[in-house]
Protein chains: 2
Amino acid sequence: MHWDIKTDRPIYTQLIEQIQLKICSGVYPPGSRLPSVRDLAREASVNPNTMQRALAELEEAGLLYTHRTSGRFVTEDTDMIKHVKNSLAEKHVQEFLKKMIELGFDSSEIMSIISEMMKREGDET
Amino acid sequence: MHWDIKTDRPIYTQLIEQIQLKICSGVYPPGSRLPSVRDLAREASVNPNTMQRALAELEEAGLLYTHRTSGRFVTEDTDMIKHVKNSLAEKHVQEFLKKMIELGFDSSEIMSIISEMMKREGDET
DNA sequence: ATCATTGTATTAGGTGCTTAATACAATGAT
DNA sequence: ATCATTGTATTAAGCACCTAATACAATGAT
């Protein structure tokens, strides 16, 4: 699995986001067991304490649960996962629109820029 | 002027982004004089050192220049400003599309979500 | 000439994040 | 019963960022 950690924000927040993403996109399916804290930390090249912190917050949010000594598991509440996925999508759209409007682009300009850049994205195959 | 500083990222990077935005959107027009470091720091409720750091980086990037004791000014190079504006827009679109695709949305879904949320944005007048 | 204002530099201290090195209790496998 | 593995907790150190408190040289206004 790929972990993309940058230096411009706290690592533990990036871990939260990326684990959340793996859950929402099905890389970690509902009910499945996650690798151990130590293994995940090794994968992501971070300290186990940092990974533990991210996992603890995801557990508090309800996306994960723990069986004390057998490991951590993804929630089986698929409705919750869908809800998180939609919330993230909405957040991304809102933040994106805010930035573009602040820059001075109007709705039609935004739409055309996006569709233009989508074409270019599709080229890479 | 509004300054929106959060705690999840270094303050000086947020200052850079927001000053850059004010330049690109015309709040600080080409050739105009900026408030003094101390005044800007007071406006944004940050330490003068932190504001100074942000301004120094924008100066290194060429968006600002300094007359040693009379103040800082926005570049008169309007082409450069346009270029920065377009680069920012491209970056925002790419980051946005990346996030949405990672979440599992395809092109047509993305377009419809955006146009749907644009309607709702337009309501607030 | 004097003085307030400009950008700039320096020092010290505090805070949050990260890492490293341990340690411990609980459990599943042998 | 023993042992490796699980999550969890603790302590110490280092680092980047931020603030506070100064200080100084250069310039424009008076």
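The sequence lines fix the lettering, A, B, ..., with proteins before strands; numbering per chain opens at 1. Quick caveat, the model's predicted, so the values are computed rather than measured.
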Colleague: Looking at the side chain of B/Thr66, which of C/dA26, C/dT8, D/dG7 is the nearest nucleotide?
Modeller: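 Taking heavy atoms from C-beta onward, the closest nucleotide is C/dT8.
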Colleague: Hey, mind stepping through B/Glu102 and A/Ser25 against side-chain hydrogen bond (donor to acceptor under 3.5 Å, both in side chains) and telling me if it holds?
Modeller: CA-CA 7 Å; B/Glu102 280 174 341; A/Ser25 63; over 6 Å; no
Colleague: Please tell me which of A/Asn49 and A/Ser70 maps to the more 5' nucleotide of DNA chain D, matching each residue to the nucleotide holding its nearest heavy atom.
Modeller: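 Closest to the 5' end, via its nearest nucleotide, is A/Ser70.
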Colleague: Can we say B/Glu17 and A/Lys99 salt-bridge, meaning some charged N sits less than 4.0 Å from an Asp/Glu carboxylate O?
Modeller: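 Salt bridge: no.
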Colleague: If I take atom OH in residue A/Tyr12 and atom C1' in nucleotide C/dG16, what distance separates them, rounded to the nearest angstrom?
Modeller: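 Answer to the nearest Å: 9 Å.
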Colleague: Distance check needed: C/dG16 C1' versus B/Lys6 NZ, whole Å only.
Modeller: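 The distance from NZ of B/Lys6 to C1' of C/dG16 comes to 19 Å, rounded to the nearest Å.
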Colleague: Any chance the side chains of B/Ser108 and B/Asp106 put a donor and an acceptor closer than 3.5 Å?
Modeller: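 Their side chains do contain a donor-acceptor pair, which is all the 3.5 Å distance test asks for.
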Colleague: Take atom CD of A/Gln52 and atom P of D/dT6, then tell me their distance rounded to the nearest Å.
Modeller: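 Spelled out: CD on A/Gln52 to P on D/dT6 is 13 Å.
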Colleague: Report the nucleotide, chosen from C/dT8, C/dT19, D/dG7, that has the shortest atom-to-atom distance to any side-chain atom of A/Arg38.
Modeller: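 In terms of side-chain proximity for A/Arg38, the closest of C/dT8, C/dT19, D/dG7 is D/dG7.
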Colleague: Which nucleotide in the set C/dC17, D/dT6, C/dT6 lies at the smallest distance from any side-chain heavy atom of B/Arg33?
Modeller: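 Selected nucleotide (nearest to the side chain): C/dT6.
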Colleague: Whole Å only: how far is the CG atom of A/Asp39 from the P atom of D/dA4?
Modeller: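 Roughly 16 Å, once rounded to whole Å.
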Colleague: Strictly by Watson-Crick or wobble contacts shorter than 3.5 Å, is anything paired with C/dC17, and which nucleotide is it?
Modeller: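 D/dG14 is the nucleotide pairing with C/dC17.
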Colleague: With a 3.5 Å limit on both atom pairs, tell me what C/dT22 is paired to, counting Watson-Crick and G-U wobble, or say none.
Modeller: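 C/dT22 is paired with D/dA9.
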Colleague: Which one, D/dT8, C/dT6, C/dT27, comes nearest to the side chain of A/Glu59?
Modeller: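 So the nucleotide nearest the side chain must be D/dT8.
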Colleague: Let's test this: given Watson-Crick or G-U wobble pairing with both distances under 3.5 Å, identify the partner of D/dA29.
Modeller: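 Paired with C/dT2.
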Colleague: Figure out the CG/C1' separation between B/Leu55 and C/dA9, and round it to whole Å.
Modeller: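 Distance, rounded to whole Å: 15 Å.
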Colleague: Rounded to the nearest angstrom, tell me the gap between atom CG in B/Asn47 and atom C1' in C/dT10.
Modeller: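 From B/Asn47 CG to C/dT10 C1': 13 Å.
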Colleague: C/dC17, D/dT8, C/dT6: which one has an atom nearest the side-chain heavy atoms of B/Thr69?
Modeller: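 Given the options C/dC17, D/dT8, C/dT6, the side chain of B/Thr69 is closest to C/dT6.
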Colleague: For the residue pair A/Phe96 and B/His92, is the inter-centroid distance of their aromatic rings smaller than 6.0 Å?
Modeller: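 Judged by ring-centre distance (under 6.0 Å), A/Phe96 and B/His92 do not meet the cut-off.
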Colleague: Whole angstrom is fine here: how far is it from CZ in B/Arg9 over to C1' in C/dC17?
Modeller: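 Rounding to the nearest Å, CZ of B/Arg9 and C1' of C/dC17 are 17 Å apart.
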Colleague: With a 3.5 Å cut-off and heavy atoms only, can you find an N or O donor on one side and an acceptor on the other between the side chain of A/Arg72 and the base of D/dG7?
Modeller: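 Under the 3.5 Å cut-off, the side chain and the base do not form any donor-acceptor pair.
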Colleague: Hey, are B/Glu43 and B/Trp3 close enough side-chain-wise for a donor-acceptor pair under 3.5 Å?
Modeller: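 Yes, B/Glu43 and B/Trp3 have a side-chain donor paired with an acceptor closer than 3.5 Å.
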Colleague: Closer to the 5' end of DNA chain C via nearest nucleotide, is it A/Thr13 or B/Pro35?
Modeller: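 Upstream on the strand: B/Pro35.
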Colleague: Report the distance from atom CZ of A/Arg42 to atom P of D/dT5, rounded to the nearest whole Å.
Modeller: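 Taking atom P of D/dT5 as the reference, CZ of A/Arg42 is at 10 Å.
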